[in-house]
Structure formats: structure tokens, C-alpha cells
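No experiment lies behind these values; they were computed from the predicted model shown.
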Amino acid sequence: MRICLGGDVMLGRGVDEWVVAAGRSPFAELSAYWHGMDLVAVNLECALTDRDTWYQGPRKAFYFRGRPEAARLLAEAGVDVVTLANNHALDAGEPGLADTLDLLDHRGIAHAGAGPDLAHASRPAVVGAGGLRVAFLSYCDHQEDFAAGPNRPGIRYLDLTTPERALPVLAADVRAARAEADLVIVAFHWQANWAPVVEPPFRRVGRHCLRAGASVVWGHSPHHFQGVEWAPGGVILYSTGDLVDDYAVDPVYRNDRQLLFTLELDKTGVTRVVARPIELRWDQTRFAGPEAAEWIRVTFGRYCAALGTRVMPQGDHLLVPAPAAGAAR
């Protein structure tokens with residue numbers, strides 16, 4: 001089975017304006033690639049609604065919201081699952097979150113990480129693909145005021161600043177999800193924007209999820225890709241970066257140069273990880289040209305080396321080979 005994991009998808013502001021003006025999906029070039037996958041998942045980092053409602057909590061610097069039409073674009077592009085535990089899911093308030101959930105349900109897109117209450121926000125999205133059942137769990141370690149409660153809509157917030165408190169919760173959630181599925185993927189919207197390195201607490205959390213029974217830990221939020229780490233039980237993608245946005249380009253991290261990750265899995269877990277270099281524009285996400293692809297290769301190789309992982313060019317992709325059997329991890 002092949003699962004494609006993309007980073008943050010923001011379909012508001014300039015992206016939304018361009019889609020309306022041009023009448024073209026920002027996923028047009030990716031769509032054929034995605035339709036060759038068994039499963040495609042992204043992090044949806046905006047509300048989808050046509051209501052004029054806004055988050056009523058403490059003022060934020062940025063609010064992201066797309067039109068309902070964006071749900072159709074996601075479905076037609078081949079997106080099967082979205083994670084919603086992030087710091088923009090409630091930007092259109094509780095009514096906007098409710099609309100987002102309804103629109104995704106209407107388009108047959110599974111979702112995890114947000115809901116009308118804590119119980120719903122904590123539930124995994126379990127989907128069938130390639131003869132296997134895959135469970136997605138979704139958490140966010142910031143925007144605590146977005147946290148769902150027993151009777152309050154919101155996201156699955158989890159404080160990772162004190163891992164000792166978070167680890168038992170994660171282990172219990174992973175074990176419960178594993179009882180429903182053949183494979184578990186744990187998504188985290190974590191770390192600071194532009195985090196230059198993966199700090200030890202995040203590595204500890206990722207490895208803990210694998211020991212509990214997850215096969216993949218899938219990170220996003222820093223706005224640029226980070227390295228991949230193979231660890232006992234599976235693989236950790238610390239940040240899959242951004243996939244669609246209208247953000248200003250950072251001259252160091254080059255958030256217009258990103259990666260699209262594909263995992264090959266069987267019932268035993270992940271057998272292969274490859275990444276495809278991509279370039280982001282407001283109007284389109286495209287496969288990277290030669291100059292950008294080379295910059296991505298070198299940068300990704302450096303990030304992976306810091307985690308003890310190799311990167312090998314393989315045509316248009318970058319292979320992240322698993323350690324040899326018996327090798328130390």
C-alpha cells in the first residue's frame with residue numbers, strides 16, 4: 001500500500017482569491033500523482049465556511065478561512081483524509097468548524113483532530129485502503145484556547161512541554177486505535193515556526209508513539225520540511241512542511257521549496273519512504289524544477305543526517321532507506 005502525506009494546506013486569503021478568479025485548483029499538477037496512491041492525507045490549516053463568523057477568543061495575528069468550494073477541490077484532487085488539530089481550525093469560530101466538518105463529510109473526506117466535543121476530537125479517522133485499515137490520530141501542541149472540552153467544540157490539544165504527562169495519554173490512544181486498525185499514523189501539529197532543529201522532547205514523543213504501536217509519526221507546523229528518523233517500530237517525519245499557502249518566502253528556509261512524502265506499507269509497518277521535491281506558488285503547487293530540486297536534496301540530506309538517516313537520489317524522488325536489519329537505530 002502507498003500512502004502520500006502532504007504538509008499544511010491553507011486555502012484562504014490569496015489562495016482563495018486566486019481560485020475564485022482563475023477557476024483552477026491549486027492541486028491540478030498533483031492530482032494525477034495522487035490518484036496513483038492508495039491513500040492521500042494532508043493537514044487542513046483553515047476553516048471552510050461561507051459564514052461571516054470569527055473566532056471570539058484572544059486576538060490572533062492571522063485568520064485562515066476558505067470557501068466551501070475548497071472541500072470539492074480537495075476531494076477531486078484525491079485527498080482522502082485531513083487532520084484538523086491545528087491553530088487555525090477555529091478561525092471562523094465554532095460555527096465555522098461545524099461547517100468544515102459537514103463539508104468534509106459531504107465530500108467523503110475522513111478527518112481527525114477536531115469535533116463538537118473532546119470525545120469526537122479525540123477519535124481516530126479509520127479508513128480502508130490497499131486491503132488494510134489505517135487509523136489517523138491528530139494532535140496540536142499549541143493554541144490551547146482552541147482545545148475541545150467535554151461540551152465544547154475544538155481541537156485535540158495536547159501539552160507536550162511536559163512529556164511525562166502526555167506520554168501515557170498518547171500510548172493509550174495509540175493502543176485503542178491499533179485495536180481498530182492494522183496500522184496507526186499519529187499526526188502532530190507541533191514545534192515552533194521555522195524550528196531549525198528537532199529538539200529532544202519531540203524526538204522522545206515520536207519514539208514513544210512508535211513503541212506504543214504506531215507505524216508512522218507525521219509532523220507539520222514549522223512551515224518547512226525537517227528530517228526523517230527511523231526508530232524501533234516505524235518512522236518519524238518530523239515536519240512535512242507546507243503544501244499550499246500564500247505566505248511570504250523566508251530567504252533561509254525557502255518555504256516555497258517543499259517535499260511530498262510517500263510511504264509504502266504492509267501489515268508489518270513502513271517498508272519504504274520516498275520524498276518528491278515540490279515548489280509552491282499561490283496559484284499552483286508544482287513538482288520542483290532542477291535548481292529547486294537540488295537545493296531541496298542538499299537541505300533535506302543535511303536535516304536527515306542530523307537524525308542519523310541517509311538520503312539517496314532516485315530519479316525525481318529522494319529515497320530515505322531504512323537501516324539494514326540488525327543495525328543500531
Worksheet item: Would you say V81 and L104 are hydrophobically clustered, going by side-chain heavy atoms of ILVMFWY under 4.5 Å?
Response: no
On a heavy-atom basis, the closest approach of W230 and P321 is NE1-O, 3.2 Å
task = I would like to know whether H88 and M10 meet side chain to side chain contact (heavy atoms under 4.5 Å, CB included); could you show each step before the answer?
result = CA-CA 9 Å; H88 291 285; M10 197 289 288; over 6 Å; no
Looking only at heavy atoms, the pair that brings L210 and G234 closest together is CD1-C, 3.7 Å
(Q) Is any side-chain heavy atom of F188 closer than 4.5 Å to one of C209? (A) yes
Looking at side-chain heavy atoms only, is the closest gap between E29 and T285 below 4.5 Å?
no
Across all chains, not counting sequence neighbours, the ring-ring contact (aromatic ring centres under 6.0 Å, His included) partners of H223 are W194, Y247
Please set out all donor-acceptor pairs under 3.5 angstrom arising from side-chain atoms of residues 129-138, sequence neighbours excluded.
| from | atom 1 | to | atom 2 | distance (Å) |
| --- | --- | --- | --- | --- |
| R133 | NE | E180 | O | 3.3 |
| S138 | OG | A85 | N | 3.3 |

Between the main-chain N or O of A195 and the side-chain N or O of H224, is there a donor-acceptor pair closer than 3.5 Å?
yes
Exactly one candidate in H220, H142, Q226, E199 meets side-chain hydrogen bond (donor to acceptor under 3.5 Å, both in side chains) with Q191; the answer is Q226
Exercise. Any sub-3.5 Å donor-acceptor pair from D80's side-chain atoms to V40's backbone N or O?
Worked result: yes
> What about L237 and V198, same hydrophobic cluster or not, with Ile/Leu/Val/Met/Phe/Trp/Tyr joined at side-chain heavy-atom distances under 4.5 Å?
Replying inline: no
(message) Counting only heavy atoms from other residues, nucleotides and ligands, does the tally under 6.0 Å from NE2 of H106 exceed 12?
(response) no
* To do: For the pair T100 (side chain) and L48 (backbone), establish whether a donor and an acceptor sit closer than 3.5 Å, ignoring hydrogens and angles.
  => yes
Tightest non-hydrogen contact, residues G115 and L101, listed as CA-CD1, 3.9 Å
In terms of heavy-atom contacts, A148 and A121 come closest through CB-CB, 4.0 Å
In N86, D173, T83, the residue satisfying side-chain hydrogen bond (donor to acceptor under 3.5 Å, both in side chains) with Y139 is D173
Under 6.0 Å between the ring centres of F261 and F225?
no
So, do V235 and V320 sit near enough that their side-chain heavy atoms are less than 4.5 Å apart? no
Requested in this report: Take L44 and L84 through the test side chain to side chain contact (heavy atoms under 4.5 Å, CB included) and record every step on the way to the result.
Outcome: CA-CA 6 Å; L44 179 62; L84 296 172; 4.0 Å; yes
Of D283, V42, L280, V15, the one forming a side-chain contact (heavy atoms from CB on, under 4.5 Å) with V244 is V15
Answer yes or no: is there a side-chain heavy-atom contact under 4.5 Å between F202 and I236? no
Quiz item: Just wondering, are more than 12 heavy atoms of other shown residues or ligands nearer than 6.0 Å to CZ in R72?
Solution: yes
When rounded to the nearest 0.5 Å, the distance separating CD1 of I155 from CG of N87 is 7.5 Å
Separation between OG1 (T271) and CG (D266), nearest 0.5 Å, reads 5.5 Å
Q.
Is it the case that atom CZ in R310 sees more than 12 heavy atoms from other parts of the structure closer than 6.0 Å?
A. no
In this structure, CG of L158 is separated from CG of L167 (nearest 0.5 Å) by 9.0 Å
Look only at the side chain of R204 and the backbone of R207, and say whether a donor-acceptor pair between them is shorter than 3.5 Å.
no
Salt-bridge present (K60, D91; N to O < 4.0 Å) | yes
Heavy atoms of D316 and P277 approach each other most closely as O-CD, 3.3 Å
Worksheet item: Same cluster or not: are V270 and V311 linked, directly or through other Ile, Leu, Val, Met, Phe, Trp or Tyr residues, by side-chain heavy atoms under 4.5 angstrom apart?
Response: yes
Between the CG atom in L265 and the CZ atom in R2, the distance rounded to the nearest 0.5 Å is 11.5 Å
- Would you indicate whether E291, at its atom CD, is surrounded by more than 12 heavy atoms from other residues, nucleotides or ligands within a distance under 6.0 Å? no
inquiry  = Using side-chain heavy atoms (C-beta onward) and a distance below 4.5 Å, is P153 in contact with L90?
reply    = no
- Task: Please check if F287 and V274 belong to a single hydrophobic cluster, counting links between Ile, Leu, Val, Met, Phe, Trp and Tyr side chain heavy atoms closer than 4.5 Å.
- Result: no
Separation between CG (D141) and CH2 (W190), nearest 0.5 Å, reads 8.5 Å
Contact between E144 and D159 at the side-chain level, heavy atoms closer than 4.5 Å - yes or no?
no
Correct closest heavy-atom pair for A288 and I296 would be CB-CD1, 4.3 Å
Checking ring pair (Phe, Tyr, Trp, His ring centres under 6.0 Å) for the pair Y238/Y303: CA distance, chi angles, key distance, verdict? CA-CA 10 Å; Y238 283 103; Y303 287 149; over 10 Å; no
>> Whether the D117 and N151 side chains hold a donor-acceptor pair (N or O, under 3.5 Å, no angle test) is what I'd like checked.
In response: no
Checklist entry - Under 3.5 Å, side chain of S239 to main-chain N/O of G227, donor-acceptor pair present? => result no
Side chain to side chain contact (heavy atoms under 4.5 Å, CB included), that's the test. Do R152 and E94 meet it? Break it down for me.
CA-CA 9 Å; R152 182 177 69 249; E94 294 178 5; 4.1 Å; yes
Are the side chains of V20 and R67 in touch, meaning some heavy atoms are under 4.5 Å apart?
-> yes
Does I109 share a hydrophobic cluster with L5, counting links as ILVMFWY side-chain heavy atoms below 4.5 Å and allowing steps through other members?
no
**Message:** Would the distance check show the side chain of T299 and the main-chain N or O of W295 forming a donor-acceptor pair, the cut-off being under 3.5 Å?
**Reply:** yes
Whether T162 side chain and E164 backbone form a donor-acceptor pair below 3.5 Å | no
One should read off an interatomic distance between L11 CG and F64 CZ, to the nearest 0.5 angstrom, of 11.0 Å
Q.
Regarding H189 and E45, do their side chains bring together a donor and an acceptor under 3.5 Å, going by distance alone?
A. yes
Margin query: Quick check: do L307 and V228 have side-chain heavy atoms less than 4.5 Å from each other?
Written below: no
key: Heavy-atom donor-acceptor pair, D99 side chain to T49 backbone, under 3.5 Å   = no
Note to self: Does V249 form a side chain to side chain contact (heavy atoms under 4.5 Å, CB included) with N255? I'd like the steps, not just the answer.
What the structure shows: CA-CA 6 Å; V249 176; N255 48 300; 4.1 Å; yes
Carboxylate-amine/guanidinium proximity below 4.0 Å for E294 and R257 | no
